[in-house]
Amino acid sequence: MRMVDIISKKKNGGILSKEEIDYAVQGYTKGEIPDYQMSSFLMSVYFKGMNKEETANLTMSFVNSGDKADLSAIEGMKVDKHSTGGVGDKISLIVIPLVASFDVPVAKMSGRGLGHTGGTIDKLESIEGFKIELSSEEFIKNVNTYKMAITGQSGNLTPADKKIYALRDVTATVDSIPLIASSVMSKKIASGADAIVLDVKVGSGAFMKSIDEAKELARTMVEIGKSLNRKTVAIVTDMNQPLGHEVGNANEIREAIEVLKGHGSQDETTVALTIASYMTVLGGAFNSFEEAYKALEDLIKSGKAIEKLKQLVKIQGGNPEVIDNPDLLPQAKYHVEVKSACAGYVASIDAEEIGIAAMLLGAGRKTKEDIIDYAAGITMVKKVGDKVEEGDILCILHTNMTQCSESQAVAVKAFVVDKNAPAPVNYIYDIIQ
């Protein structure tokens, strides 16, 4: 078998066998196939695509390139969720305690963020003492005892995907649905999930900008999951503006606390409850989405949801007092108001620009080596549809930097104010299962 023949076959629209895909992926991972040939292969996939079977085989080739988490010692149906990424996306912080409250095991492995803001792991590290590197024994014990645990991803989980993703990033082949879908699903399958709920973001702050693209990606990932005997549901959600009112790390923890106390914004609460409902249905706690949604709403009203978050913090070594007193979380020295230059309605907010503004304040990473400032972030005072007067505060920048004019300029541009009120925002566009 030769790599050049595999490239030629795909370039001409041929269907690759499992063996051919394995040859390409495993050979590249081991360093036997050079970057230039893998680049050519990726470009041929970009233009010619892959069918369902090829995409599933590519996913499993990624999975088989490294370690696989053995979670067989965990009792029950292990349910995980994955977001394709957005701005102000703190949904995992909300759904883990919600789902675990109904005895559905949530064995969550998360990565760090690169870009707009930190990942879930970075956000949790803003809680003093919170331990995110758990041994497999600690991880399994916590899930069996408390039905929840979160840890950083193993360094050798899907190494083929890591190496190929880095190449995609510099060869303009990132936005290929088979390549995105196999990348996402390989990590979830290698992490040991029995059932997966996917939060596929769409809009200005998401990777997929159009609803049609987002639905196609969602369908592809659901098909991969089902073909590999994993219960899989995808929820297509809005990311045309930041989710909720907070963007950053410590301030997103504060907002997750507010949601679990029943004081969250409508968009964030709706998305979190929808995802948690499907997770509990897949986990066998409820028979229908409607039954699950009502039970989760009641759980929040009862005060038990916030107590479960406090338990998660405590069992992972964090200071549980932050849940009752969020002021214990890191706080920035400077708070800069961004004001509207005119009156009208907020017609749109470019979520990606807000994410970049937050990163410039220190809330995210430009490179893997950058150190995150947990206190940095942005509070969205106004959201799409809100009425504003000239001089009203649109958002507040939180930073420890003495000067943040670049971030200010980006944040101002993100808001479009118009004399006419926009149509109501959809939070959920589609459910694919």
Side-chain angles (χ1 to χ4, degrees), residues 71-84 91-108 140 142-150 184-185 188-189 191-201 214-215 218-238 256 259-262 264 266-309 311-312 426-433:
L71 303 184
S72 56
I74 293 176
E75 302 146 10
M77 173 73 72
K78 298 170 285 295
V79 183
D80 201 354
K81 58 83 63 177
H82 177 82
S83 167
T84 56
I91 295 297
S92 290
L93 304 171
I94 301 164
V95 302
I96 291 170
L98 284 176
V99 175
S101 294
F102 289 101
D103 289 336
V104 174
V106 186
K108 187 95 183 87
I140 289 167
N142 280 1
V143 180
N144 278 334
T145 307
Y146 306 103
K147 300 301 175 187
M148 58 184 173
I150 183 164
V184 169
M185 293 301 289
K188 292 293 105 181
I189 289 160
S191 297
D194 297 318
I196 304 159
V197 176
L198 301 159
D199 181 4
V200 181
K201 303 289 189 191
K215 286 183 179 180
R219 278 191 293 268
T220 302
M221 291 194 291
V222 168
E223 285 165 358
I224 291 171
K226 288 182 175 177
S227 72
L228 299 173
N229 299 314
R230 302 302 196 279
K231 293 182 178 180
T232 310
V233 173
I235 301 162
V236 181
T237 66
D238 182 70
V259 174
L260 290 169
K261 285 181 176 176
Q266 191 179 355
D267 59 344
E268 188 133 58
T269 302
T270 301
V271 172
L273 287 176
T274 301
I275 290 167
S277 296
Y278 279 103
M279 289 175 75
T280 53
V281 169
L282 292 186
F286 299 101
N287 293 320
S288 72
F289 169 79
E290 293 74 19
E291 183 190 0
Y293 200 98
K294 174 71 168 58
L296 287 158
E297 284 184 313
D298 291 343
L299 182 77
I300 291 173
K301 289 174 189 169
S302 74
K304 291 177 182 175
I306 196 65
E307 288 303 312
K308 197 68 176 174
L309 177 61
Q311 186 182 64
L312 175 65
N426 276 330
Y427 306 140
I428 311 285
Y429 291 104
D430 205 357
I431 310 288
I432 293 164
Q433 53 188 322

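Throughout, numbering of the chain's residues begins at 1 and tracks the sequence.
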Exercise for the section: Considering non-hydrogen atoms only, spot the tightest contact between K261 and I300 and give its length. Expected result: C-CG2, 4.0 Å
Practice task
Side-chain contact test, heavy atoms from C-beta onward, threshold under 4.5 Å: evaluate it for I96 versus L312 and give yes or no.
Solution key: yes
Completion exercise
Of all heavy-atom pairs linking P105 and G76, the shortest is CG-C, 4.1 Å
Fill in the blank from the handout: Tightest non-hydrogen contact, residues E268 and V259, listed as CG-CG2, 4.0 Å
Problem - Point-to-point distance, once rounded to the nearest 0.5 Å, from CG of L309 to CD of E307 - result: 9.5 Å
Problem - Atom of I94, atom of A272 and distance for their closest heavy-atom approach - result: CG2-CB, 3.7 Å
Problem - salt bridge (Lys or Arg N to Asp or Glu O under 4.0 Å) between K215 and D430, worked out - result: CA-CA 8 Å; K215 286 183 179 180; D430 205 357; 3.7 Å; yes
Exercise for the section: Compare every heavy atom of A107 with every heavy atom of I74, then report the nearest pair and how far apart it is. Expected result: CD1-CB, 4.1 Å
Handout entry: Side chain T145, main chain N142, donor-acceptor under 3.5 Å
Key = no
Handout entry: I275 vs I235, side chain to side chain contact (heavy atoms under 4.5 Å, CB included): CA-CA, chis, key distance, verdict
Key = CA-CA 7 Å; I275 290 167; I235 301 162; 3.8 Å; yes
Fill in the blank from the handout: Separation between CE (M279) and CG (L296), nearest 0.5 Å, reads 10.5 Å
Exercise for the section: State, yes or no, whether a side-chain contact exists between V236 and I428 at a heavy-atom distance under 4.5 Å. Expected result: no
Problem - Under 3.5 Å donor-acceptor, K308 side chain and Y146 backbone - result: yes
Exercise for the section: Show your working on side chain to side chain contact (heavy atoms under 4.5 Å, CB included) between L198 and M185 and close with a plain yes or no. Expected result: CA-CA 9 Å; L198 301 159; M185 293 301 289; 4.0 Å; yes
Handout entry: T280 (side chain) donor-acceptor with S277 (main chain) under 3.5 angstrom
Key = yes
Problem - Min side-chain heavy-atom separation V106-K147 under 4.5 Å - result: no
Exercise for the section: Step by step, work out the side chain to side chain contact (heavy atoms under 4.5 Å, CB included) result for T274 and T270. Expected result: CA-CA 6 Å; T274 301; T270 301; 4.2 Å; yes
Practice task
Return yes if a side-chain donor-acceptor contact under 3.5 Å exists between T84 and K201, otherwise no.
Solution key: no
Problem - L98 side chain reached by L260 side chain, heavy atoms, under 4.5 Å - result: yes
Completion exercise
The complete set of side chain to side chain donor-acceptor pair (under 3.5 Å) pairs with one or both residues in residues 292-301, sequence neighbours excluded, reads K294-D298
Fill in the blank from the handout: Heavy-atom nearest pair, K188 first then K81, reads NZ-O, 3.6 Å
Practice task
Please assess D80 against K108 for the test salt bridge (Lys or Arg N to Asp or Glu O under 4.0 Å), listing each intermediate value before the final yes or no.
Solution key: CA-CA 6 Å; D80 201 354; K108 187 95 183 87; 3.3 Å; yes
Exercise for the section: Side-chain contact test, heavy atoms from C-beta onward, threshold under 4.5 Å: evaluate it for M77 versus V79 and give yes or no. Expected result: yes
Practice task
Taking the side chain as every heavy atom from C-beta outward, state whether D238 and D267 have any pair of such atoms under 4.5 Å apart.
Solution key: no
Practice task
Examine distances only and state if a side-chain atom of N144 and a backbone atom of A73 form a donor-acceptor pair shorter than 3.5 Å.
Solution key: yes
Exercise for the section: Could you check if a side-chain atom of I431 sits within less than 4.5 angstrom of a side-chain atom of Y278, using non-hydrogen atoms only? Expected result: yes
Completion exercise
To the nearest 0.5 Å, atom CG of L228 lies from atom CD of E223 at 11.5 Å
Fill in the blank from the handout: To the nearest 0.5 Å, atom CG of L299 lies from atom OG of S302 at 4.5 Å
Handout entry: Y429, OH: over 12 other non-hydrogen atoms inside 6.0 angstrom
Key = yes
Completion exercise
To the nearest 0.5 Å, atom CD1 of I196 lies from atom NZ of K78 at 12.0 Å
Handout entry: Under 3.5 Å: donor-acceptor pair, side chain of S191, backbone of A193
Key = no
Residues 281-289 side chain polar contacts: donor-acceptor under 3.5 Å, at least two apart:
from	atom 1	to	atom 2	distance (Å)
S288	OG	E291	N	3.1

Problem - Among D199, V197, V200, V184, side chain to side chain contact (heavy atoms under 4.5 Å, CB included) partner for H82 - result: V184
Practice task
Ignoring hydrogens and angles, tell me if any N or O in the side chain of T232 forms a donor-acceptor pair with the backbone of R230 under 3.5 Å.
Solution key: yes
